[in-house]
Amino acid sequence: MSTADGLARHFVRRNKRSWKTISEVTGLLGLIFGLVGTCIGVFNYLRDRAKLIVRLQWDMAITGESEEKRVGCITVTNAGRRAIFMSHVALRLPKGGEISHFLIQGGLKGQKLSEGDPPAVFPVDQVRHESYANCWQK
């Protein structure tokens, strides 16, 4: 065997090995970039969801009205990044009563809440709901 043949075999083996190494590196980079892309997609999904915050406040007085008249305020805020359309705003009444939901008249027509919009406020007359006052959380 001549030196030229040994040298040729050495380069052939080295070239085959380098192709395998390039394939391994490419596969590893594909795995890393695929995982990073999947993580970014999941984080974007979780960040961009619509999220509503609904608050109910009782025993509020209205300026210009008698001080004995009390109202409740339902405040709906969009804290998420997607716009939502809300309609049929209602109070769920405690079980055991004749009716299960009290529909708020101002919430029937529907309203769109986008990111950064001011909260939607719906006043509720408190007189009709005094019998449920002990059942609701304050």
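Position 1 is the first residue of the sequence, and the numbers go up from there.
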Any heavy-atom pair between the side chains of [Y] and [X] that's under 4.5 Å?
| X | Y | result |
| --- | --- | --- |
| V76 | M86 | yes |
| D125 | K69 | yes |
| H88 | L103 | yes |
| V124 | V71 | no |
| V54 | T77 | no |
| F122 | T75 | no |
| I74 | V121 | no |

Say you draw a straight line from [atom1] of [X] to [atom2] of [Y]; how long is it, rounded to the nearest 0.5 Å?
| X | Y | atom1 | atom2 | result |
| --- | --- | --- | --- | --- |
| L91 | S100 | CG | OG | 11.5 Å |
| M60 | T63 | CE | OG1 | 10.5 Å |
| T26 | I22 | OG1 | CD1 | 7.0 Å |
| R81 | E115 | CZ | CD | 5.0 Å |

If you compare all heavy atoms of [X] against all heavy atoms of [Y], which two are closest, and at what distance to 0.1 Å?
| X | Y | result |
| --- | --- | --- |
| A120 | Q111 | CB-OE1, 3.5 Å |
| I53 | A79 | CD1-CB, 3.7 Å |
| N78 | A83 | ND2-CA, 4.2 Å |

Check the hydrophobic clustering (I, L, V, M, F, W, Y; side-chain heavy atoms under 4.5 Å; chains of links allowed) and say if W58 and F102 are grouped together.
yes
May I have all residue pairs that pass side-chain hydrogen bond (donor to acceptor under 3.5 Å, both in side chains) and include part of residues 29-57, sequence neighbours excluded?
N44-R47
Joining Ile, Leu, Val, Met, Phe, Trp and Tyr whenever any side-chain heavy atoms lie under 4.5 Å apart, the cluster holding F43 also takes in none
